There are 2 protein chains.
Amino acid sequence: MSAALQSEGSSEDIGTRLKLVRQIFGLTQRELARRAGVTNGAISLIEQNRVSPSISSLKKILDGIPLSLADFFTLDFSPSENVFFTAGELTEISYDPAITMRMVGRRVKDRALQMLKETYQPGADTGDAMLRHGGEECGVVIAGTLTLTVGVQERLLNPGDAYYFRSDIPHRFRNMSSEAVVLISANSPPSF
Amino acid sequence: MSAALQSEGSSEDIGTRLKLVRQIFGLTQRELARRAGVTNGAISLIEQNRVSPSISSLKKILDGIPLSLADFFTLDFSPSENVFFTAGELTEISYDPAITMRMVGRRVKDRALQMLKETYQPGADTGDAMLRHGGEECGVVIAGTLTLTVGVQERLLNPGDAYYFRSDIPHRFRNMSSEAVVLISANSPPSF
DNA sequence: CCCACACGTTTAGAATTATTGACGATGCTG
DNA sequence: CAGCATCGTCAATAATTCTAAACGTGTGGG
């Protein structure tokens, strides 16, 4: 076969699924390709369902997001979904062993907001090259002391303290204390 | 790259994962290949991690088991796993829209027993070409009236009734009533 | 207006995966 | 033990995917 491979149900529509995930994380095809170590053309073809990627390619691409294969296939894009989630149901997005991020809810389509529960181990540091998408973001510290740098300002935030800034301003999260920092954050709609 | 692709951690070791799943379901490479519409050579190469299958190939293969991509990547093979499972945590194995099977537990390695919760809608029928593996199986009916044929014997089983037979005897499950049949079944270790 | 830049798309060719058909090993049966 | 069947594996070839380098579009500045 060569012409068939096109639109299937939805759960198996890898292309659309990848495109949605990519857009939710505010990445362009080229940016994701760079992070993943593949070419932008490959991502374009996959998103159009003109090819069916190998597992190794798909894994490389998802590592650039980052998202596990299991989560990729498990994510639910249906508009009406569960309202309540237990702690264990949060989708994990691991950047760095010292930093864990868990997304609230598995529903992903038509999101207006992305909410994360983030945990920073002592010494964890995002670096400041994390411009990301162009929305806004805010958060509240739940535990520990967070060192937050936004533009030229730097502050120590203790439990109950919060922040709010435009995501295109360079920013950096650090845990310079000896106990873990936990915070709840939200990002406004990444692009689309 | 050409030589690297070999053994990785485990969660991403598609070959071993596929092999385990195939063996748990008591299928040979050739039998699975036939069901899936691929060649046995392809399955051999994948299980040895000598190639990384395309999603379309992997999906075809899993359809022959049958198992969804999401479940395939979600299955947990670690020997020590949870003991308790809620209804929603059972892994679904859908053969037929009229028949649902949910496997108890996600742990899969070193299983001595496979337990399923099966639901047959009115009219559902497995046909009798389901010889499957060579162990034994038994079950208890929870709701509805099950028509069970084993070899030359046929019986109507009502809630509380049960069965036990060698799986290599031809057998057939039917729901000839107007209400759904629910039963809990167990199979002894499929081959390996 | 035109240039520079970033976006997704496309195409030819390189790289990888799937098929075909054969092989050795094992087990069963007469 | 030979004959036969089935298992997993392998090599050569066919088919598909991935890369590299273009293209066309749209947008913002100067």
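Protein chains get the first letters and strands the later ones, always in sequence-line order, with residue 1 at the start of each. Note that the structure is predicted; figures quoted are calculated from it, not measured.
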| said: At less than 4.0 Å, is any side-chain N or O atom of B:Ser57 found next to OP1 or OP2 of C:dA18? Yes or no. | reply: yes
| message | Once salt bridge (charged side-chain N to carboxylate O under 4.0 Å, His left out) is applied, do any residues pair with A:Arg30, and if so which ones, sequence neighbours excluded? | response | none
| task | Establish, with yes or no, whether the OP1 or OP2 oxygen of D:dC7 is under 4.0 angstrom from a side-chain nitrogen or oxygen of B:Thr28. | result | yes
| field | For atom CG of A:Asn49 and atom P of D:dT17, their distance in whole Å | value | 11 Å
| task | State, yes or no, whether a side-chain contact exists between B:Tyr120 and B:Thr147 at a heavy-atom distance under 4.5 Å. | result | no
| task | Round to the nearest Å and state the distance from B:Arg34 atom CZ to D:dC7 atom C1'. | result | 16 Å
| Are B:Arg50 and D:dT9 close enough that a side-chain N or O sits under 4.0 Å from OP1 or OP2? | no
| field | Side chain of A:Val51 - closest among C:dT17, D:dC18, D:dT19 | value | D:dC18
| field | Given D:dA22, D:dG8, D:dC18, the nucleotide with the shortest approach to the side chain of A:Leu45 | value | D:dC18
| query | How do B:Gly41 and A:Ile43 order along DNA chain C: which one's closest nucleotide is nearer the 5' end? | reply | A:Ile43
| query | More 5' along DNA chain D: A:Ile46 or B:Ser44, using each one's nearest nucleotide? | reply | B:Ser44
| query | Of the nucleotides D:dT9, D:dC23, C:dT11, which has the atom closest to the A:Arg30 side chain? | reply | D:dC23
| Heavy-atom pair of closest approach, residues A:Leu156 and A:Thr145 | CB-CG2, 4.1 Å
| task | Check whether any side-chain heavy atom of A:Leu69 sits under 4.5 Å from a side-chain heavy atom of A:Lys59, and report yes or no. | result | yes
| task | Whole angstrom is fine here: how far is it from CG in A:Leu27 over to C1' in C:dG8? | result | 15 Å
| note | From CG of A:Asn40 across to P of D:dA20 the rounded distance in Å is 10 Å
| task | For the pair B:Asn49 (side chain) and B:Gly15 (backbone), establish whether a donor and an acceptor sit closer than 3.5 Å, ignoring hydrogens and angles. | result | yes
| field | Interatomic distance, B:Glu47 CD vs D:dC10 C1' [rounded to whole Å] | value | 15 Å
| Are any of A:Arg22's side-chain N or O atoms less than 4.0 Å away from OP1 or OP2 of C:dG8? | yes
| message | If you compare every side-chain N and O of B:Gln29 against the phosphate oxygens of D:dT9 (OP1, OP2), does one of them come in below 4.0 Å? | response | yes
| said: Let's see if you can work this out: which of D:dC10, C:dT19, C:dA18 has an atom nearest to the side-chain heavy atoms of B:Val38? | reply: C:dT19
| task | Just call it for A:Ser54: base, sugar-phosphate, or nothing, with non-hydrogen atoms closer than 4.0 Å on any strand. | result | sugar-phosphate
| What is the distance from CD of A:Gln48 to C1' of D:dT17, rounded to the nearest Å? | 14 Å
| Quick one: B:Ile14 CD1 to C:dT17 P, roughly how many Å, whole number? | 13 Å
| message | Just the rounded figure in Å: distance from C1' of D:dG8 to NZ of B:Lys19. | response | 8 Å
